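These notes concern the structure reproduced below.
Source: prediction; values computed, not measured.
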Amino acid sequence: MLEIDEGTGKQHRMLGMSTLAFTACFAVWTIFSIIGVRIKQELGLSETEFGILVATPVLTGSISRIFLGVWTEQFGGRLVFAIQMLVTACAAFMISYASTYPMFLLAALGVGIAGGSFIIGVAYVSRWYSSESQGTALGVFGAGNVGAAVTNFVAPFVVVAYGWEQTAQIYAMCLVVMAAAFYLLTEDDPVQKLRRKGEAKKASTASQLEPLRDIRVWRFATYYFFVFGAFVALASWLPRYYVGAYDLDLRLAGVLAAAYAMPGSVFRALGGWMSDKVGARFVMYLTFIVSLICLMPLSYPDTQYIVTGIDGPIEFRLGIGLTPFVALTVLLGFVMSLGKAAVYKHIPVYYPSHVGSVGGLVGMIGGLGGFCLPIAFGVLNDLTGVWTSCFMLLFALVLVSLIWMHVAIRLMERRRYPTLVTDFHLSDLPRRPFVSSESRRQ
């Protein structure tokens, strides 16, 4: 049994460096949300083509997570994280040499590897903390989502000052520096140290993938499709939304989009703490319900009405102004940050020996949400001509997810506790963690 010494400075240093590295990767991952607006103008792209460009990095970042998670379990997060950042930096630098739409899509695929950094960090950080503290630790690490806010806030000013080509080069150089700093200032995790000494066996790929047959894993992935996938989609889409729907300039649009991304990142640590204290299931209910309340007015299109009155036609208009729109998106980002932490609180508890593979699959499905949704937003804009159609889609997604989650939980509780009233906190804990067939044979 691996003993973990809680509260050491070494632990916190590993967590801090992992969070900084994830922040840098996330900033690069969402770079097309800003430079893509200028590229759209130069190439004359349609809304659908712009949505595909913004979503393409998310595709690579999603698919790569399951492989990077397995490799992290096998070779350790310190090595895999550093290599991943160097590869991403090369792809980001190549953006400045692209000149056609297919070339930009190819470069975006390479940049997308930055999104795989999340599962590397989850597997690496979770090995430094016991199960009682993993929710908080992973919540702090997940606050690296603030990289999206960094890009939305900083990149517009860099683009205006130097151009989008130089912006991509600056991002690439910063990521190289971060890769070197991470490798030099961190250590191999406790499990990897034991493996180097020959005191622990390296897990096989087959054993790491075995839990993916569990339907519960796919249920967690469904939740993450919204809380993370929609977060990434909106972080990339909102600058374009503000420019088109409210006729703002790119710099102000970036700042307001950062206002959404900031709480959606920073408060993930709070979500981890809440999951440790009151239960991840309660946090998920809170996330879905508040999201529905926010998305209802956001979905309502700006509408003009003419009512036949006693003394003649009465005209009035219903729509959401800029200030309430910003306030609702900030609140939406906040509760989504809580939900992201709650989903990943479950994984080390249910699957302590398979964090990389299970977390990789959950992250991959969530990332696919970040890939599919911007494309869907663009298609809906082209088909309906209504800016708020993106929020209509998200409202339907959350409503279905909430109903599905509640029904599944009630059925599960009836099987496990036929005479017990629902307890949100205790029911988060499994009756027993996943045990692989290999472990059962031993």
Rounded to the nearest 0.5 Å, what separation is found between the [atom1] atom of [X] and the [atom2] atom of [Y]?
| X | Y | atom1 | atom2 | value |
| --- | --- | --- | --- | --- |
| Leu332 | Ser337 | CG | OG | 10.0 Å |
| Tyr162 | Phe157 | OH | CZ | 13.5 Å |
| Leu399 | Trp404 | CG | CH2 | 14.5 Å |
| Leu393 | Leu380 | CG | CG | 6.0 Å |
| Leu298 | Thr388 | CG | OG1 | 9.0 Å |
| Arg38 | Thr167 | CZ | OG1 | 9.0 Å |

For the student: nearest non-hydrogen atoms of [X] and [Y], plus distance:
| X | Y | answer |
| --- | --- | --- |
| Met178 | Ala21 | CG-CA, 3.9 Å |
| Phe377 | Ala233 | CE1-CB, 3.9 Å |
| Ala168 | Ile31 | CA-CD1, 4.0 Å |
| Pro374 | Gly369 | CD-O, 4.1 Å |
| Ser64 | Gly116 | OG-CA, 3.8 Å |
| Asn381 | Ser389 | OD1-OG, 3.4 Å |

Report yes if some heavy atom in the side chain of [X] is under 4.5 Å from a heavy atom in the side chain of [Y]; otherwise report no.
| X | Y | answer |
| --- | --- | --- |
| Pro239 | Ile34 | yes |
| Phe228 | Phe118 | no |
| Thr100 | Met103 | yes |
| Leu394 | Leu234 | yes |
| Trp387 | Asp302 | no |
| Met392 | Val386 | yes |
| Leu256 | Phe325 | no |
| Gln11 | Leu15 | no |

Exceeds 12 heavy-atom contacts within 6.0 angstrom, atom CH2 of Trp273: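 Result for CH2/Trp273: open.
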Phe67 atom CZ, neighbour heavy-atom count above 12 within 6.0 Å: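 Result for CZ/Phe67: open.
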Residue pair Tyr260, Phe334: steps toward the side chain to side chain contact (heavy atoms under 4.5 Å, CB included) verdict: CA-CA 8 Å; Tyr260 157 78; Phe334 169 72; over 6 Å; no
If you look only at distance, which donor and acceptor atoms sit under 3.5 Å apart when one is on a side chain in residues 75-98 and the other is two or more places apart or in another chain?
unit_1: Arg78; atom_1: NE; unit_2: Tyr183; atom_2: O; d: 3.0
unit_1: Arg78; atom_1: NE; unit_2: Thr186; atom_2: O; d: 3.2
unit_1: Arg78; atom_1: NH2; unit_2: Tyr183; atom_2: O; d: 2.8
unit_1: Gln84; atom_1: NE2; unit_2: Thr88; atom_2: OG1; d: 3.3
unit_1: Gln84; atom_1: NE2; unit_2: Ile113; atom_2: O; d: 3.1
unit_1: Thr88; atom_1: OG1; unit_2: Gln84; atom_2: O; d: 2.9
unit_1: Thr88; atom_1: OG1; unit_2: Ala114; atom_2: N; d: 3.4
unit_1: Ser96; atom_1: OG; unit_2: Phe93; atom_2: O; d: 2.8
unit_1: Ser96; atom_1: OG; unit_2: Gln169; atom_2: NE2; d: 3.1

Worked verdict on Phe225 versus Ser401 for side chain to side chain contact (heavy atoms under 4.5 Å, CB included): CA-CA 10 Å; Phe225 186 88; Ser401 298; over 6 Å; no
Evaluation steps, side chain to side chain contact (heavy atoms under 4.5 Å, CB included), between Val307 and Glu315: CA-CA 6 Å; Val307 178; Glu315 297 185 13; over 6 Å; no
In terms of relative ring orientation, are [X] and [Y] parallel, tilted or perpendicular, with 30° and 60° separating the classes?
| X | Y | result |
| --- | --- | --- |
| Phe104 | Phe32 | perpendicular |
| Trp128 | Tyr124 | perpendicular |
| Phe26 | Phe22 | perpendicular |

Backbone N/O of Gly112 and side chain of Thr60: donor-acceptor pair under 3.5 Å: no
Leu185 backbone acceptor or donor facing Arg13 side chain under 3.5 Å: yes
Cationic tip of Lys340 above Tyr224 ring, under 6.0 Å, 45° of axis: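 No, Lys340 does not lie over the aromatic ring of Tyr224.
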Residue pair Phe395, Ser291: steps toward the side chain to side chain contact (heavy atoms under 4.5 Å, CB included) verdict: CA-CA 8 Å; Phe395 182 87; Ser291 294; over 6 Å; no
Tyr300 and Phe391 aromatic centres sub-6.0 Å: no
His406 ring center within less than 6.0 Å of Phe288 ring center: no
Carboxylate-amine/guanidinium contact Lys40 Glu49, below 4.0 Å: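 A salt bridge is absent here (no side-chain N lies under 4.0 Å from a carboxylate O).
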Donor + acceptor pair across side chains of Tyr171, Thr151 (<3.5 Å): yes
Those residues that, when tested against Ser299, pass side-chain hydrogen bond (donor to acceptor under 3.5 Å, both in side chains) (two or more places apart):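 In terms of side-chain hydrogen bond (donor to acceptor under 3.5 Å, both in side chains), with neighbours along the sequence ignored, Ser299 is linked to no residue.
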Any pair counted as side chain to side chain donor-acceptor pair (under 3.5 Å), so long as it reaches residues 239-258, sequence neighbours left out: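 Sorted pair list: Glu47-Arg240.
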